[in-house]
Amino acid sequence: MKRKNQSQLEIEIRRRVEAKYDERYALLIHFTSYAGVNALVWATWLFSGGGFPWPLFVTVFWGIGMVGHALDYYHKHGGGARKREERIDEEVRRHLERLEAGRHDVYDEAVTDGADVYGLDNVELRRARLADDGELADMDGWDEQLAAEERESR
């Protein structure tokens with residue numbers, strides 16, 4: 001694995017920090033436009049005599065998009081990102097411990113019930129042939145069967 005020099009590392013960190021601030025700014029712009037447009041729409045409804053609260057559609061459906069944007073930011077740069085990193089670090093640590101212990105399976109025993117997930121550790125190699133009826137048949141004793149058929153055909 002190639003190590004990065006100090007200037008490359010600083011550039012990469014700067015890009016990440018800039019991306020975080022750019023996304024925070026985009027979220028702020030989105031929220032500001034959401035609040036402004038909703039205030040304008042509700043004021044229009046109120047001063048036009050009320051009636052059916054049609055601005056509710058704008059508020060609710062745009063609000064769903066606003067919540068989605070906020071959750072996206074949270075999971076990329078906020079507490080969700082930290083939780084994700086902690087979970088990934090824990091999983092990596094657990095896999096490394098298993099490798100050090102000589103276990104090469106990467107799944108939890110609880111999930112696999114202790115079974116060999118890949119089916120490679122206790123493989124019994126068997127030979128198979130295509131039987132007359134089109135089914136695969138074990139070749140155990142196949143040589144003897146061929147010899148018997150040859151004898152019968154003579």
Side-chain angles (χ1 to χ4, degrees), residues 1-131 133-140 142:
M1 181 182 219
K2 186 178 176 184
R3 295 187 92 177
K4 297 179 179 181
N5 64 30
Q6 189 66 24
S7 64
Q8 289 173 327
L9 190 58
E10 287 175 15
I11 291 170
E12 186 176 318
I13 291 171
R14 182 171 183 83
R15 274 193 218 135
R16 278 194 234 144
V17 171
E18 285 176 352
K20 179 180 178 178
Y21 280 100
D22 289 346
E23 290 207 27
R24 184 181 296 168
Y25 181 71
L27 181 63
L28 181 63
I29 294 296
H30 189 184
F31 180 74
T32 304
S33 61
Y34 172 75
V37 169
N38 271 287
L40 181 66
V41 168
W42 281 101
T44 302
W45 172 79
L46 183 64
F47 292 120
S48 67
F52 181 77
W54 57 268
L56 190 62
F57 293 110
V58 175
T59 302
V60 169
F61 291 114
W62 193 350
I64 291 170
M66 186 68 229
V67 169
H69 193 165
L71 286 174
D72 180 57
Y73 178 83
Y74 174 79
H75 287 291
K76 282 184 181 176
H77 303 290
R82 284 189 293 279
K83 287 178 187 175
R84 179 178 182 269
E85 284 300 317
E86 289 171 3
R87 288 183 190 132
I88 290 172
D89 289 343
E90 176 64 26
E91 188 76 14
V92 167
R93 184 193 58 75
R94 202 162 35 96
H95 285 284
L96 289 174
E97 286 175 358
R98 287 182 178 200
L99 287 174
E100 289 172 2
R103 293 184 54 204
H104 298 290
D105 61 321
V106 293
Y107 296 98
D108 289 330
E109 288 183 28
V111 173
T112 62
D113 297 328
D116 177 26
V117 175
Y118 298 109
L120 299 176
D121 289 343
N122 299 318
V123 172
E124 177 187 336
L125 295 178
R126 298 184 324 182
R127 294 174 35 193
R129 66 175 178 83
L130 191 60
D133 61 355
E135 296 283 326
L136 281 178
D138 284 330
M139 289 186 65
D140 295 336
W142 175 247

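What you are looking at is a predicted structure, and each value in this text was computed from that prediction instead of being measured. Residue numbers run from 1 in the order of the sequence given.
By the 4.0 Å N-to-carboxylate-O rule, Glu10 lies too far from Arg14 to be salt-bridged with it. For Glu91 and Arg94, the salt-bridge test passes: some basic side-chain N is under 4.0 Å from an acidic carboxylate O. Residues Glu97 and Arg93 are paired through a salt bridge, judged by an N-O separation under 4.0 Å between the basic side chain and the carboxylate.
Under the 4.5 Å side-chain criterion, counting only non-hydrogen atoms from C-beta, Trp54 is in contact with Val41. Put simply, the side chain of Glu23 reaches to within 4.5 Å of the side chain of His77, judged on heavy atoms.
Summarising the local packing, CZ of Arg84 is surrounded by 12 or fewer heavy atoms from other residues, nucleotides or ligands at distances under 6.0 Å.
Atom OH of Tyr25 and atom OG1 of Thr32 lie 9.0 Å apart (nearest 0.5 Å). Distance check, rounded to the nearest 0.5 Å: CZ of Arg82 to NE2 of His75 gives 12.0 Å. Between the CD atom in Glu86 and the CG atom in Asp89 there is a gap of 8.0 Å [rounded to 0.5 Å].
Smallest separation of non-hydrogen atoms from Trp45 and Pro55: CB-CG, 3.4 Å. Residues Ala81 and Lys76 share a closest heavy-atom pair of CB-O, 3.3 Å. Contact record, Tyr34 with Met66: CB-SD, 4.2 Å, taken as the closest heavy-atom pair. The two atoms that bring Leu56 and Trp42 nearest to each other are N-CZ2, 3.5 Å, heavy atoms only.
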Audit row: Glu12, Arg16, salt bridge (Lys or Arg N to Asp or Glu O under 4.0 Å) steps and yes/no: CA-CA 6 Å; Glu12 186 176 318; Arg16 278 194 234 144; 2.5 Å; yes
